[in-house]
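As the structure lists them, so they are numbered: ligands from 1, and atoms in each ligand from 1. Residue numbers run from 1 in the order of the sequence given.
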Amino acid sequence: MRQPSMSFARGWKGLLAVAVVGAFAVVACDQGAEGDINAIIEDRGLTVEQAEGALLTYVPPGEYDPYIMVSSGGHSGNIHLVGVPSMRMLKTIPVFTPESWSGYGQGSDLSELVLEEGSSDKQARKLAWGDTHHPAISETAGEYDGRWVYIQDRANGRLGFVELRDFKTKQIIDIPNAQTTHGGAFVTPNSEYIHVSAMTPRPQTEDGYAPLEEYAEKYRGISSFLAINQDNGRIDMDRSFQLELPPYTHDLSDAGKLGSEGLVFIGSYNTEMAIGGNLEGGDPLEVGASANDFDFLHVIDWKMAEQVIADGKYEERNGIRLIPLQTVIDEGLLHLIREPRSPHGADVDPTGNYVVVSGKLDPQVSIYDVDEIRTAIADENFEGTDSFGIPILDFDSVLAGQVEVGLGPLHTQFDGQGNGFVSLFLDSAVAKFSLGEKAGIEADDAFKLIDKVDVHYNIGHLAATEGDTVAADGKYVVALNKWSIDRFPVIGTLKPQNFQLIENDAEKMRVIYDMPVGFGEPHYVQIMRMDRLTDAIETYEPGTEPLTMTASDVAVVSGEERIDTSTPGEVHVYMSATRSHFTPDTIRVKQGDEVFFHVTNIETIPDGTHGFAVPGYNVQASLDPGEVVTINITADTPGSYAFYCTEFCSALHLEMQGWLLVEPSTAVTALAN
Ligand code: RUQ
Ligand code: CUA
């Protein structure tokens, strides 16, 4: 039915069979309309398959997508929201990098505070960007609950927290003792913790330095269990803890669920502990790091780790409780499992009974059985230890199956019917394979390659709808491809990335949509049912300070606007913004004054957003209805500054401006002369 050579008339019957768009199906009953549609298909030179794809992704104007995709923004340090299946970009949420529309990090005190908080003592300087890889939506009973999103900063070892009420960043944690992050962020099934492991090991010395010759002794991996405050989603450092790990490079991780609840799995590579040094007589790092046939999947029992913490067997290190490596080993918190060559993803299936690991240099996925892992741990069925004395579980007894899927397998997601989808970097494809009986697959059908579809190209992660939760439905898969050569017009030297939408409902997976992405590199996304977003608000309660969502003590109501100069050298402006004026609109200060603009947007309707920008002072704030923002500047440069509203908020938007008059101080002027 999908042969492009078929007549359009027969092809359109095919479309009817798919019949995803009710309205079209109704119109199509009318022969005339069917003819029209066929004419469009013909006119545009589409194949039947392409026309089907268009209908499958089409969301009529004014209607909502059934899914929302929460995408990492990669080097942009942000999160982006996209509707699925329309692949329409909905919003950008700044996290680690200043962003101008929302005025994030551009003068408003709260965003500055959040960014500031994210550059703790660990950092020698205030950081201006992040490299976001893995967003994690909060979960309740293993399902997305639409409340919070976390995302890690690969470059600087941080974690950002976004509240899905106003979709704003409320906290950045600078994770102690870890320079970078990669493994995670992943939440435990009831959002008790968000797990993040460091990628590159860091010397656990005072100043973070140690000669590379002391790599094995001084450098350590770090696995962080950051405790989530159940009331407000923030990270509670007092209840958080870390485990010290051997100096392997810790890659993706996943939290166990249902059958594996209480465990966390972390893939690793460079268990060779290669340090590079190619100009100093050493091998390049990638050679040394790929020498062994196996690396180690780490299995951490975090419920046991909680007990070890409760028993006081930890040390305080840079503001967090940390279980040293020897204690981790002595207390049996960590076991290793061999995993084939340079693994990347480690993914737990929706039943929690299997962990799927893919080795970048191995053409198969390896599927481990969690019950067997627990049994091997209980029976001490070890095949040896690593050089640090960490027990390695007997490989054959914990391996459930291996499926040959193709070249360069990276990440796996699931459809909830016992199948997995794995991205193949070298093949540029997505393969679908079956799990085993514990995921509901008949023994004869278990661990088989089922289907494969080419993508374009260089796929990294992939995501299936709700595909890393217990509610995985496998309706759509999105392939996250890098460097879209030949795919889009040449628009310069840096190529767009490409999100490709794959339909999985049909008997065969197929790519139905290309979405070029003008930011890089969006490593990972999660796709949640739109109806899980139940907390989202459209306006704030009047006078709300968004960071805490409580009433601000510098809010004003109409009629109470004022300028307070009672503290010498300080000017506090209690200002309101509403269509189409600021009150007060004339502010007279002296050069050198510290000026605080406490601006309240007194609008109460959803489309009443205003901006507040001051030329030359690097100030741009966004004020959503009800929101209060404080902007603080030192009026060091005299002049008459026309501050204005940056949102086209009304017919008289252009009139929504005022004057900041910075009168030259005679002392300063005299000095200059
Ligand atoms: S990733 S290189 Cu395949 Cu998630 Cu960060
Ligand atoms: Cu308010 Cu323009």
Side-chain angles (χ1 to χ4, degrees), residues 70-75 77 101 103 130-136 150-155 157 180-186 195-200 249-254 266-270 286 342-347 356-360 408-413 422-426 430 458-463 468 478-483 497 520-526 575-583 585 599-603 605 607-613 620-625 627 629 642-658:
V70 178
S71 170
S72 94
H75 312 70
W101 185 25
D131 182 8
T132 55
H133 281 217
H134 308 124
Y150 304 85
I151 194 156
Q152 48 56 267
D153 170 13
R154 156 80 173 90
T180 58
T181 63
H182 199 249
F186 292 100
H195 176 265
V196 197
S197 43
M199 184 154 213
T200 317
T249 302
H250 295 100
D251 211 349
L252 267 296
S253 66
D254 203 358
I266 313 173
S268 72
Y269 64 91
N270 196 13
E286 91 256 28
S342 301
H344 191 46
D347 297 284
V356 181
V357 159
S358 9
K360 292 168 296 209
L410 295 182
H411 301 282
T412 303
Q413 293 252 307
V422 61
S423 54
L424 303 170
F425 181 77
L426 295 175
V430 170
N458 275 344
I459 181 174
H461 277 268
L462 80 180
D468 65 352
V478 173
L480 312 180
N481 309 321
K482 307 160 201 298
W483 313 313
Q497 313 256 323
E521 172 197 349
H523 286 263
Y524 180 49
V525 303
Q526 288 185 325
M575 179 188 275
S576 69
T578 190
R579 264 166 282 198
S580 303
H581 53 270
F582 296 105
T583 308
D585 62 4
V599 192
T600 305
N601 180 339
I602 56 174
E603 306 259 8
I605 48 163
D607 65 346
T609 293
H610 299 285
F612 179 80
Q620 146 64 2
S622 170
L623 295 139
D624 299 331
E627 180 173 2
V629 165
F643 64 81
Y644 73 105
C645 165
T646 45
E647 292 281 339
F648 204 110
C649 54
S650 70
L652 295 180
H653 148 74
L654 291 171
E655 283 76 358
M656 190 165 176
Q657 69 154 69

- prompt: Does at least one non-hydrogen atom of Leu410 fall below 4.0 angstrom from an atom of ligand 1?
  reply: no
- prompt: If you look at every heavy atom in His344 and Asp251, which pair is closest and at what distance?
  reply: ND1-OD2, 2.5 Å
query: Looking at Ala479 and Ile459, what are the two nearest heavy atoms and their distance?
result: CB-CD1, 3.5 Å
- prompt: Which is the closest N/O/S atom of His610 when seen from atom 1 (Cu) of ligand 2?
  reply: ND1
Non-hydrogen atoms of His134 and Ser72 that approach each other most closely: N-CB, 4.5 Å
message: Test of geometry: compute the angle SG(Cys645)-atom 2 (Cu) of ligand 2-SG(Cys649) and round it to 10°.
response: 110°
- request: List the atom of Val357, the atom of Pro343, and the distance in Å for their closest heavy-atom pair.
  value: CG1-CB, 4.0 Å
message: Is it the case that the side chain of Thr132 and the backbone of Gly74 share a donor-acceptor pair, with hydrogens and angles ignored and the cut-off at 3.5 Å?
response: yes
query: How far does NE2 of His182 sit from OG1 of Thr249, to the nearest 0.5 angstrom?
result: 11.0 Å
query: With a cut-off of 2.8 Å, does His133 place any N/O/S atom under that distance from atom 3 (Cu) of ligand 1?
result: no
- request: Number the atoms of ligand 1 from 1 as they appear, then name those within less than 4.0 Å of a heavy atom of His134, with their elements.
  value: 1 (S), 4 (Cu), 5 (Cu)
- request: Have a look at Glu647 and say which of its N, O or S atoms is nearest atom 2 (Cu) of ligand 2.
  value: O
message: Do Tyr269 and Met199 have side chains that approach each other closer than 4.5 Å (heavy atoms only, starting at C-beta)?
response: yes
message: A side-chain contact here means heavy atoms from C-beta on lying under 4.5 Å apart; do Ser423 and His461 qualify?
response: no
Minimum non-hydrogen distance to atom 4 (Cu) of ligand 1, winning option of His523, Glu521, His461, His182: His461
- prompt: Starting from atom 3 (Cu) of ligand 1, which protein heavy atom do you reach first, and at what distance in Å?
  reply: His344 NE2, 2.1 Å
query: Within less than 2.8 Å of atom 1 (Cu) of ligand 2, any N, O or S from Thr609?
result: no
- prompt: Which ligand 1 atoms does Leu252 reach within 4.0 Å, using its non-hydrogen atoms?
  reply: 4 (Cu)
- prompt: In His653, the N, O or S atom nearest to atom 2 (Cu) of ligand 2 is which?
  reply: ND1
